[in-house]
Amino acid sequence: MVRLTSTISGINSNAPVVFITGGARRVGAETARVFHTAGFRVVIHYRSSERDANELVSQLNHTRPNSAACVQSPLDTRDHVQSAALAAIEAFGQVDVLINNASSFFPTPWGEITDEAINTLMHSNLLLPMVMIQALAPELKRREGAIINLVDIHALRPLANHPAYGAAKAGLISLTKSAALDLAPQVRANAIAPGAILLPEHEGDEYEQELTRSIPLARMGSPTDIAEAALFLATAPYISGQILPVDGGRTLKQ
Ligand SMILES: NC(=O)c1ccc[n+]([C@@H]2O[C@H](COP(=O)([O-])OP(=O)(O)OC[C@H]3O[C@@H](n4cnc5c(N)ncnc54)[C@H](OP(=O)(O)O)[C@@H]3O)[C@@H](O)[C@H]2O)c1
């Protein structure tokens with residue numbers, strides 16, 4: 001069971017450990033900071049963002065010595081995923097919470113859907129979390145831990161011209177529920193469905209203003225909104241198999 005009581009006092013060796021895929025930047029990095037502030041030890045996976053990962057780990061270790069580590073992997077084969085899972089366990093001798101955050105996101109308009117695009121989107125958003133859950137399931141069972149998958153409100157209602165991404169995230173919702181059923185009672189599995197949080201880096205202000213008009217709470221979400229929801233799900237002892245939209249009410253609008 002993921003408990004934080006022993007960590008508030010700052011006794012690092014008892015602190016639960018969270019492993020975050022794609023955790024060097026953006027939402028993943030903020031999730032690492034929020035869990036760390038709550039008392040977790042943090043293992044950050046990165047693929048290519050080496051400098052961001054190293055800076056984040058050294059900031060966290062500066063705040064609390066020996067409380068953060070990172071694992072580099074392309075995670076593109078089953079062997080890579082297995083080795084990254086083992087490296088995550090070895091960092092502190094345990095993993096209590098797995099956050100499947102790594103993702104790719106781009107449009108695949110009908111008529112232009114290539115095998116390469118399908119493979120990239122399905123791999124990062126569905127196959128990788130599935131193989132990672134399988135690799136870490138024994139450890140998460142041993143620790144009575146939790147899984148949190150980052151899905152998307154567009155897994156619940158489609159985003160125009162993104163059929164492959166939406167289908168992959170919809171598959172991840174199904175996978176979340178399967179993990180919750182099959183790995184119980186030791187492991188809980190839930191998902192967060194973010195609305196508009198951080199736009200892809202090439203999108204401009206105009207698109208952000210247009211999006212904001214469609215959000216009842218009249219603002220984009222922040223990475224902290226997602227990270228705090230993840231922390232809640234990681235430590236909520238009787239919630240499993242649920243998909244939590246964190247979208248400022250956006251799914252209420254047509
Ligand atoms: N941002 C939003 O508004 C939003 C909205 C809805 C849902 N979400 C979901 O929330 C999560 C976080 O969002 P984000 O925008 O912060 O994510 P992101 O920046 O798009 O991706 C996070 C990291 O994933 C890693 N990654 C991508 N493809 C990978 C692969 N094939 N293998 C291994 N790592 C890979 C990259 O790591 P490196 O940089 O190290 O290469 C990247 O920095 C994602 O699951 C996303 O789908 C986000």
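Note that ligands are numbered from 1 as they come in the structure, with each ligand's atoms numbered from 1 the same way. None of the values given here were measured: they were computed from a predicted structure.
In this structure, atom 44 (C) of ligand 1 has protein heavy atoms in its sub-4.0 angstrom surroundings.
When only non-hydrogen protein atoms are considered, atom 5 (C) of ligand 1 lies nearest to G195 O, 3.1 Å. Closest protein heavy atom to atom 30 (C) of ligand 1: R47 NH1, 3.6 Å. Here the heavy atom of the protein found nearest to atom 21 (O) of ligand 1 is S103 O, 3.4 Å. Counting protein heavy atoms only, atom 9 (C) of ligand 1 is closest to V151 O, 3.7 Å. The protein atom (non-hydrogen) at minimum distance from atom 8 (N) of ligand 1 is P194 CG, 3.8 Å. In terms of protein heavy-atom proximity, atom 11 (C) of ligand 1 is nearest to N101 OD1, 3.4 Å. At the top of the distance list for atom 19 (O) of ligand 1, counting protein heavy atoms only, stands R26 NE, 2.8 Å. Counting only heavy atoms of the protein, atom 39 (O) of ligand 1 lies nearest to S49 OG, 2.5 Å.
Using modelled atom types and a 3.5 Å distance limit, the side chains of N61 and Q59 yield no donor-acceptor pair. For the residue pair H123 / N119, no side-chain donor-acceptor distance below 3.5 Å is found, with atom types taken as modelled. Side-chain contact of S222 with D225: a donor-acceptor pair under 3.5 Å is present, judged by distance alone. Defined by atom type and a distance below 3.5 Å, a donor-acceptor pair is present between the side-chain atoms of S214 and R250. In the model, S178 has no side-chain atom that pairs as donor or acceptor with a side-chain atom of D182 under 3.5 Å. Side-chain polar atoms of D152 and Y165 form a donor-acceptor pair below 3.5 angstrom.
The pair R25-E55 fails the salt-bridge criterion, with no side-chain N (NZ, NE, NH1 or NH2) lying under 4.0 Å from an Asp/Glu carboxylate O.
Between the side chain of N101 and the backbone N or O of I20 there is no donor-acceptor pair closer than 3.5 Å. Judged by distance alone, the side chain of D96 and the main-chain N or O of V17 form a donor-acceptor pair under 3.5 Å. Side chain of R64 to backbone of H36: a donor-acceptor contact under 3.5 angstrom is found.
Between the choices I197, D76, T31, the shortest heavy-atom distance to atom 3 (O) of ligand 1 belongs to I197.
Some N or O of S48 is nearer than 3.5 Å to an N or O of ligand 1, by distance alone. Distances between N or O atoms of L198 and those of ligand 1 include at least one value under 3.5 Å.
Proximity to A102 (heavy-atom distance under 4.0 Å) selects the following atoms of ligand 1: 24 (O), 25 (C), 26 (N), 34 (N), 35 (C). Under a 4.0 Å criterion applied to the non-hydrogen atoms of H45, ligand 1 contributes the atoms 33 (C), 34 (N). Less than 4.0 angstrom separates some heavy atom of Y46 from each of these atoms of ligand 1: 40 (O). Shown in contact with L150 at under 4.0 Å from a heavy atom are these atoms of ligand 1, numbered in order with element: 10 (O), 11 (C), 45 (O).
Residue contacts with ligand 1 include P74, since one of its heavy atoms falls under 4.0 Å from the ligand. For E50, the heavy-atom gap to ligand 1 stays at 4.0 angstrom or more.
Residue A24 does not touch ligand 1, judged by heavy-atom distances below 4.0 Å. Only the side chain of Y165 comes within 4.0 Å of ligand 1, judged by heavy-atom distances. Residue-level proximity to ligand 1 for K169 is carried by the side chain, the only part with a heavy atom below 4.0 angstrom.
Rounding to the nearest 0.5 Å places CG of L150 at 8.0 Å from OG1 of T21. The OG1 atom of T235 sits 9.0 Å away from the CD1 atom of I239 when rounded to the nearest 0.5 Å.
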